[in-house]
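These notes are about the structure you will find just below.
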Amino acid sequence: MEYNFKQIEKKWQQYWEENKTFKTPEDLSNPRKCYVLDMFPYPSGAGLHVGHPEGYTATDIYARYKRMKGFNVLHPMGWDAFGLPAEQYAIETGTHPAVTTRKNCDTFRRQIKGLGLSYDWDKEINTTDPKYYKWTQWIFIRLYNTWFDEVLQKGRHISELTIPEDILSSGKEAVRKYTDSKRLAYYADALVWWCPDCRIVCSNEEVLNDGSHEKCGNIVEKKNLKQWMLRIPLYAERLLKGIDNLDWPEGIKEMQRNWIGRSTGAEVDFKIEGMEETLTVFTTRPDTLFGATYMVIAPEHVLVPAITMPGYKESVNEYIRVANLKSELDRTDLAKEKTGVFTGRYAINPVNGKRIPIWIADYVLTGYGTGAIMAVPAHDTRDFEFARKFGLPIVCIQEPDVEDRARRDRIINGDECWTEDGSYINSSDLSTGIDINGLNKEAGIARIIGWLESKGLGKAKVNYKVRDWLFSRQRYWGEPFPVIHWEDGEISILDEKDLPLELPEMEKFQPGETGESPLSNAVDWLEVTDQNGRRGRRETNTMPQWAGSCWYYLRFIDPDNDEQIFDSEKEKYWMPVDLYIGGAEHAVLHLLYSRFWHKVLYDLEIVSTDEPYTRLFNQGMILAFAYENEAGAKIPADQIEERDGRFYNGENGTEVRQIVAKMSKSLKNVVNPEDVTMRYGADSLRLYEMFMGPLDVMKPWDDRNVKGVFNFLVRTFRFFSNDANISGGPEDVEILKGLHKTIRKVEEDIGTLKFNTAISEMMIFLNLVYKKGKVTRETARSFILILSPFAPHLGEELWQLLGHESTLAYESWPGVNEEYLKADIVEYPVSFNGKMRFKIEVPANLDRDEIARKVLADERAGKWLADKSVKNVIVVPDKIVNVVTR
RNA sequence: GCCCGGAUGGUGGAAUCGGUAGACACGCAGGACUUAAAAUCCUGUGACCUGUAAAGGUUGUGCGGGUUCAAGUCCCGCUCCGGGUACCA
């Protein structure tokens, strides 16, 4: 029989759809559950690319395997459908984003269904559906009404916030201000990145190192706008600690740790000469206070105007003006060359009472620590550079641990910077009574902090790099905030019964020049009046795309629930997500934001687990071959001619080099999954994507290799669909052994997501089957079952040909019989001094001495033993024999 | 700069706890079938050397050292490539 994949795949996709084969079980009494989740896609107009089926196939194999092992499986799919492209398209063509989105979702759904993935389509969700974003708004309200209790390290309802007496007595406005300062979501003026091209605010994360917008590549600028912010740093410690217990790739865990950026040190207060206020700095090296010879504050520091002395106003203002003009690009470019300006003012070093100058420089950032530093040029490279440039004093306070005499002298004299540990010198003062001379770094830090705290001059402090999360965009196509700004300045939040607040119908989507969202033109929607005639405006910002994806895994549990965000019995049953697969590009942001929301929901007792995703796996990007000439210029793939394994530019015949690059339209090397399914079928596409290499690494697509797995499927079909190959009677011993080895290997590899080696093992078995020519019905049954998660259409078809009436999706996974795997005879490779020379078969039950005797007695051993004496014979059971000679 | 990965035949890749390097697949070569080609099936295939052959030897996992009976795997020092991050005090 011919392998007619088109007919077979269509038939079974229809069967699964009609019979709702993959409907999630309603019965929650089965203690074995498995929630297998893909990162849901943004349905772009371009349709599916080959990267999508990679992760989807992996989770599908896993989900199908778990069903066969008797688990209740939740395996859903949906659409992260808010986002810029649909809105951009609306601006250009007037097509409503909802229309574009619906069309794109339909395409994606159709394409995904063509891959034979075992999703429960009854659980499909779409972030742009008001029935979905109602609950995104609902969560926002909860964030707004939550404060973080730092003592309990826990989010609590705002009604449980204790207002200090002095604030209570200062009136309603003070209480409101205090309360707002504690909410996890707050509205504030924020200096934000603005992309003039997209006319959109970007989060710090969306701005690349060179100062360009990651989406469009244009240079962004700073702009002051009213924005919603989320206080994610309050959860920094919880988010950091939680990482340790997750079954995630170490690299991703490390990236999250770095992003959170915890550092320990101290805050130290410096008196400012002639002023009441003190200048507080954060430092990780309070032990180097004796080396602090000047201070630097950021250009945006609040004390700049007060600190600047009259004669210095002009130069300071000029410096600040220039610093503000600098885009991030300039700041990075000029990173090597430090700039700064003296304020004319001095501070007092608390450890020795010395006057030290206060400077302003943009190498000190407003957003980190207190926006001010004490500069220790002898032991900090940045301060060293700055001090050198502006001729500030450099005092070495640590004896460097270096052999090189000349280098040591340079360091001691302040001509070179020393950032390693060492024992302190010049670090005592009689007037203040502090002395750390002779100590090392650890002890020095402890003693200084103790001294600072006892004198009330400072305290130990932990700082985090992670900043407040900018949570609004000046866009139409996003979730509206359930917020009204009243004319008297009050902000009110919609009542839950009024949710969802739907987006108004509009015809023009052009954003304003000034940073106002298109929503500001929806007058009827925008303007509201309360019972007392007070007028207000709805929030015109919308939520960023992260919002919908932050919690979608929770809605999958109970997507049609109109009463609640989800049924909590169901939530308790299905959570946490057991396996979550997606691209590494979401390593930090999506996963961190999502964990943050989840922890808040956990604190509010809305979800039952502290972490959402138990096990995470990132698939590697699929690359493609590309071609470049001598000069490194890229040549489109469709112009390339191949001859004898070399590549030539078809236009002019010059030889070009084959390289591996990202798929791109300009290189003409984009692979469309539908082309592959047309030519070889969905099962081949699935199998190839899994066979290419390990799931987590980048790997290049090579069309030729698809033939390899296609061939395997053809051979499988041809053999098992032919009744003449299926025999009765007892099974061949080698086949039995091979089969059980294969079952075991495939099972192990599915568990560790090493699908490439699982497939290779099945290929080995099929080769054996071809060699033998016949298998029993029972063997055919087992092999078809273990192959079916990988090639489900083929699996179902063969299963039916074997005489079964219904789907194999819930058949139990074949067991491994260890009996068949035992060997009577073991083949040992025999090496002499580590070099393998020959192989010897010995009965499995021999002990080491007997094996050694047998090896030495073998005639082939003689050649290697001539005029040498045997020093030792190492026998590693079931592994190897090594004869050591002299 | 710092942090994290990686480097194995012509190609994608395999190798559990240190134990036969190159499984499986592609490609290539030879053969069978065919008028021929495609498809299919069979055989061979890291490099180098000896040999008509059978067979045997040397060498070999980015580079240089080391530990070990034994190193792709462990340790030390590099090179190159990829990802993240970037004046974070």
Side-chain angles (χ1 to χ4, degrees), chain A residues 209 249-259 261-263 265 281-286 288 296 298 331-332 334-336 338 361-365 367-376 380-383 385-386 463-467 584-585 587-588 618 620-621 623 625 644-646 658 660 688 691-694 696-709 711-712 714-715 718 748 752 754 756-767 770 827-839 863 871-885:
Chain A
N209 296 336
E250 275 311 313
I252 302 296
K253 289 164 80 166
E254 203 51 35
M255 277 165 72
Q256 290 225 345
R257 289 192 189 103
N258 291 340
W259 193 266
R262 184 184 202 268
S263 61
V281 302
F282 172 72
T283 174
T284 54
R285 297 292 307 274
T288 59
V296 185
R331 282 207 185 188
T332 317
L334 296 173
K336 288 175 201 94
K338 290 203 166 30
D362 64 6
Y363 83 89
V364 172
L365 310 172
Y368 186 79
T370 61
I373 62 157
M374 61 179 217
V376 185
D380 181 288
T381 48
R382 292 156 304 176
D383 298 344
E385 274 174 45
F386 190 82
N463 229 310
Y464 301 92
K465 228 156 62 170
V466 61
R467 316 274 174 89
E585 65 273 22
V588 179
N618 296 111
M621 205 191 307
L623 307 171
F625 291 121
D644 307 324
R646 286 160 171 266
Q658 189 182 52
V660 168
Y688 175 59
F691 188 62
M692 288 173 85
D696 57 342
V697 304
M698 285 195 188
K699 42 212 172 266
W701 184 278
D702 189 347
D703 265 321
R704 284 185 298 205
N705 285 325
V706 182
K707 263 175 69 182
V709 292
N711 212 13
F712 166 68
V714 170
R715 279 158 55 88
R718 196 184 297 142
E748 265 172 24
T752 51
K754 286 159 79 176
N756 54 333
T757 48
I759 293 166
S760 128
E761 196 69 29
M762 289 189 283
M763 286 172 166
I764 293 170
F765 180 68
L766 187 72
N767 290 343
Y770 262 79
E827 189 188 54
Y828 280 95
V830 178
S831 51
F832 290 80
N833 291 335
K835 283 194 167 73
M836 210 282 286
R837 297 302 180 182
F838 61 88
K839 289 170 188 173
K863 183 173 173 185
K871 200 177 146 196
N872 195 4
V873 180
I874 290 152
V875 177
V876 184
D878 298 325
K879 281 272 159 72
I880 199 170
V881 177
N882 188 20
V883 183
V884 188
T885 61

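Any value given below was found using the heavy atoms of this structure, including those in side chains, with hydrogens, waters and symmetry copies removed. Proteins come first, then strands; the chains are lettered A, B, ... in the order of their sequence lines, and each starts at number 1. In this text, all values refer to a predicted model and were calculated from it rather than measured experimentally.
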Handout entry: Side-chain N,O (N767(A)) to OP1/OP2 (A23(B)) below 4.0 Å
Key = no

Can you tell me, in whole Å, how much space there is between the [atom1] of [N] and that of [M]?
{"N": "U16(B)", "M": "G62(B)", "atom1": "P", "answer": "16 Å"}
{"N": "A14(B)", "M": "G72(B)", "atom1": "C1'", "answer": "12 Å"}
{"N": "A23(B)", "M": "G82(B)", "atom1": "P", "answer": "29 Å"}
{"N": "G5(B)", "M": "C75(B)", "atom1": "P", "answer": "12 Å"}
{"N": "G22(B)", "M": "G77(B)", "atom1": "C1'", "answer": "29 Å"}
{"N": "C76(B)", "M": "C4(B)", "atom1": "P", "answer": "13 Å"}
{"N": "A70(B)", "M": "A15(B)", "atom1": "C1'", "answer": "16 Å"}
{"N": "A71(B)", "M": "G13(B)", "atom1": "P", "answer": "26 Å"}

Between [atom1] on residue [X] and [atom2] on residue [Y], distance to nearest 0.5 Å:
{"X": "T885(A)", "Y": "N872(A)", "atom1": "OG1", "atom2": "CG", "answer": "11.0 Å"}
{"X": "Q658(A)", "Y": "F625(A)", "atom1": "CD", "atom2": "CZ", "answer": "4.5 Å"}
{"X": "M762(A)", "Y": "T757(A)", "atom1": "CE", "atom2": "OG1", "answer": "9.5 Å"}
{"X": "N463(A)", "Y": "Y368(A)", "atom1": "CG", "atom2": "OH", "answer": "4.5 Å"}

Practice task
Measure distances between side-chain N and O atoms of K338(A) and base N and O atoms of C87(B), and say whether any donor-acceptor pair falls under 3.5 Å.
Solution key: yes

Heavy atoms from C-beta onward define the side chain here; which of [options] lies closest to that of [X]?
{"X": "K465(A)", "options": "C69(B), U85(B), C24(B)", "value": "U85(B)"}
{"X": "M763(A)", "options": "A89(B), G19(B), C24(B)", "value": "C24(B)"}
{"X": "N258(A)", "options": "C24(B), A89(B), C3(B)", "value": "C3(B)"}

Do [X] and [Y] come close enough that some side-chain heavy atom pair is under 4.5 Å?
{"X": "Y688(A)", "Y": "D702(A)", "value": "yes"}
{"X": "E385(A)", "Y": "Y363(A)", "value": "no"}
{"X": "P249(A)", "Y": "N618(A)", "value": "yes"}
{"X": "V660(A)", "Y": "K699(A)", "value": "no"}

Whole angstroms only, please: what is the [atom1]-[atom2] distance between [X] and [N]?
{"X": "N833(A)", "N": "A71(B)", "atom1": "CG", "atom2": "P", "value": "11 Å"}
{"X": "L623(A)", "N": "G6(B)", "atom1": "CG", "atom2": "P", "value": "17 Å"}
{"X": "F386(A)", "N": "A89(B)", "atom1": "CZ", "atom2": "P", "value": "18 Å"}
{"X": "F712(A)", "N": "A25(B)", "atom1": "CZ", "atom2": "C1'", "value": "11 Å"}
{"X": "I880(A)", "N": "A71(B)", "atom1": "CD1", "atom2": "P", "value": "10 Å"}
{"X": "K835(A)", "N": "A21(B)", "atom1": "NZ", "atom2": "C1'", "value": "14 Å"}

Contact class for [X] (heavy atom, under 4.0 Å): base, sugar-phosphate, or nothing?
{"X": "R837(A)", "value": "sugar-phosphate"}
{"X": "K839(A)", "value": "base"}
{"X": "N463(A)", "value": "nothing"}
{"X": "G261(A)", "value": "nothing"}
{"X": "I764(A)", "value": "sugar-phosphate"}
{"X": "S263(A)", "value": "sugar-phosphate"}

Completion exercise
Nearest-nucleotide check on RNA chain B, F282(A) vs G708(A); residue mapping nearer the 5' end is G708(A)

Practice task
Nearest-nucleotide wise, let me know which of V709(A) and M255(A) is further upstream toward the 5' end of RNA chain B.
Solution key: V709(A)

Fill in the blank from the handout: Judged by whether its glycosidic angle lies within 90° of 0, G9(B) is syn

Problem - Anti versus syn assignment for C48(B), with syn defined as within 90° of 0 - result: anti

Who pairs with [N] - Watson-Crick or G-U, where each distance is under 3.5 Å:
{"N": "U52(B)", "result": "none"}
{"N": "C63(B)", "result": "G77(B)"}
{"N": "G30(B)", "result": "C42(B)"}
{"N": "C87(B)", "result": "none"}

Using every non-hydrogen atom in the two residues, find where [X] and [Y] come nearest and quote the distance to one decimal.
{"X": "W701(A)", "Y": "V706(A)", "value": "CZ2-CG2, 4.0 Å"}
{"X": "K879(A)", "Y": "P829(A)", "value": "O-CD, 3.2 Å"}
{"X": "M374(A)", "Y": "D383(A)", "value": "O-OD2, 4.0 Å"}

Exercise for the section: Look only at the side chain of N882(A) and the backbone of I874(A), and say whether a donor-acceptor pair between them is shorter than 3.5 Å. Expected result: no

Exercise for the section: Scan nucleotides 40-49 of chain B nucleotide by nucleotide, 5' to 3', and note B when protein non-hydrogen atoms come under 4.0 Å of the base, S if they reach only the sugar-phosphate, - if neither. Expected result: SS--------

Handout entry: Under 4.0 Å protein heavy-atom contacts per nucleotide of nucleotides 7-16 of chain B, with B for base, S for backbone only and - for none
Key = -----BSSS-

